[in-house]
Structures are given as C-alpha cells and as structure tokens.
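Some notes on the structure that comes next.
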Amino acid sequence: MKEVAILRLGHRPQRDQRVTTHVGLTARALGATGMYLSSNDTGIVKSILDVGERWGGKFFVENDVGWHSCIRRWKEAGGTVVHLTMFGLNLPDVEEEILSRDKILVVVGAEKVPGEVYHLADFNVAVSNQPHSEISSMAIFLDHLMGKDALVQKFPNAQVRVVPCKEGKLVEEIKPEE
Ligand SMILES: C[S@@+](CC[C@H](N)C(=O)[O-])C[C@H]1O[C@@H](n2cnc3c(N)ncnc32)[C@H](O)[C@@H]1O
C-alpha cells in the first residue's frame, strides 16, 4: 500500500475537536499511516491513539507540528504534497498523475488555509469544486488513492475486532497470542 499521511491545518481546540478526531479516525480506517496536527491539542492525540490501542494498527498522531516544516520535510524525503481544496483542479482531471506517486501528504484545512499552502503543494485538488468538508473530501480522495486495499487491511495487535454480521452487532476480544 502507498505511504499516506495527513496534515491537519487550522484546528481550533474549542470548535473542531469532533471534526479533527473524525479526520484522524477516517484516515486511519482508510489506510493512512498517521496524522500531523498543526495545533496543540493533546486530547485529540489521546482519543485517536486510544482507538488504535484497542482496534490495532500503528496509526501515529503528532501534536503541535509546524505545517511549513512538515511540508518541507515531506518533500525533501521525496514525497508528494496534495492539498485538498474546493478551488483546486478537480480530482478526475489529476488523479491519474497522483496515483503514480507512492508517498503522499494530504493537507486539509479547517477555516481559511494560508495562501502559501497553495504554492507549496504539488497538487491543489478539489473533490468536486463545491464546498463540503475536510472529512468527506479526504475520505473520497483516500478511497480513490488506495482502492479496495484500504477496506480489507489488517490492523495488527488489536484487542478487539468486529465479526461482520448481516444483522446485529458482534465484537470479539482477541487473545494476545492470536
Ligand atoms: C470547511 S472547509 C473550508 C473552506 C474554506 N472556505 C477555504 O478557504 O478553504 C474545510 C476544508 O475542507 C476541505 N474541503 C472542503 N470542500 C472541499 C472540496 N470540494 N474539495 C476538496 N477539499 C474540500 C478543504 O481541505 C478545506 O480546507
């Protein structure tokens, strides 16, 4: 699978807790390796890492990251930076080129994204040129990028797992030696 991480810009601890938590949880579920948070909110880090502890995998959350240096370091390491914005090129028009890249940093905003991000990004990509949200745009983008692999990935060292059911709910505990 591709190496994909998320850079979450502009998180406001008083307003965006739920949305940012869902950005992280969605990214984890759809195959990203981790999330860089460009604000200081240890509560977000804890709640996402708690999910990982119970449901497995190695998703990381880095708190209070400088977005500028995060983007610079990613590019220096040979990665591609994709900024999701309704003002960008529409996904169907650029996805073929992006799909050829193996290491991608997906940048999503909250309120207004600094203008410099548009220049630093390798691609400014719209998931339709209509306004919606960071969770929906990131989810659709990751689905296009990862395909079905993301939906059937393994989450090692989980304490619990869902047993898929046609009806009802079943969650089973996993013994450590399994
Ligand atoms: C509530 S929107 C903020 C929109 C704001 N007007 C702006 O200037 O970016 C929060 C984030 O959702 C994402 N987003 C919203 N609609 C999008 C779209 N159609 N395509 C891609 N990303 C989108 C962007 O990452 C954006 O920063």
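All ligand and atom numbering here is 1-based and tracks the order in the structure.
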Within the protein, flag every N or O under 3.5 Å from an N or O of ligand 1, and note the pair and distance.
| unit_1 | atom_1 | unit_2 | atom_2 | d |
| --- | --- | --- | --- | --- |
| ligand 1 | 12 (O) | Glu134 | N | 3.1 |
| ligand 1 | 16 (N) | His132 | N | 3.1 |
| ligand 1 | 19 (N) | Val127 | O | 3.4 |
| ligand 1 | 19 (N) | Ser128 | O | 2.9 |
| ligand 1 | 19 (N) | Gln130 | O | 2.6 |
| ligand 1 | 19 (N) | His132 | NE2 | 3.1 |
| ligand 1 | 20 (N) | Val127 | N | 2.9 |
| ligand 1 | 22 (N) | Thr85 | N | 3.4 |
| ligand 1 | 22 (N) | Ser137 | OG | 3.3 |
| ligand 1 | 25 (O) | Leu84 | O | 2.7 |
| ligand 1 | 25 (O) | Gly109 | N | 3.2 |
| ligand 1 | 27 (O) | Gly109 | N | 3.2 |

How is the hydrophobic cluster of Leu9 composed, in terms of its other members, when Ile, Leu, Val, Met, Phe, Trp and Tyr link through side-chain heavy atoms under 4.5 Å apart, directly or indirectly?
->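 Same cluster as Leu9: Leu7, Tyr36, Phe60, Val65, Trp67, Ile71, Trp74, Val81, Met86, Phe87, Leu105, Val107, Val113, Val117, Tyr118, Leu120.
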Between Ile44 and Gln17, which heavy-atom pair has the shortest distance, and what is it?
->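 Ile44 and Gln17 have their closest heavy atoms at CD1-O, 3.4 Å.
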Only one of Asn40, Asp41, Asp16 passes side chain to side chain donor-acceptor pair (under 3.5 Å) with His11; say which it is.
->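 Single pass found, and it is Asp41.
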Looking at Asp50 and Arg54, does any basic side-chain N land under 4.0 Å from a carboxylate oxygen?
->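 Here Asp50 does not pair with Arg54 in a salt bridge, since their nearest N and O are not under 4.0 Å apart.
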Atom CD of Glu76 with >12 non-hydrogen neighbours under 6.0 angstrom =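 Above 12, so yes.
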Atom pair CD1 (Ile6) and CZ (Phe59), whose distance is rounded to the nearest 0.5 Å |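 Reported to 0.5 Å precision, the distance equals 6.5 Å.
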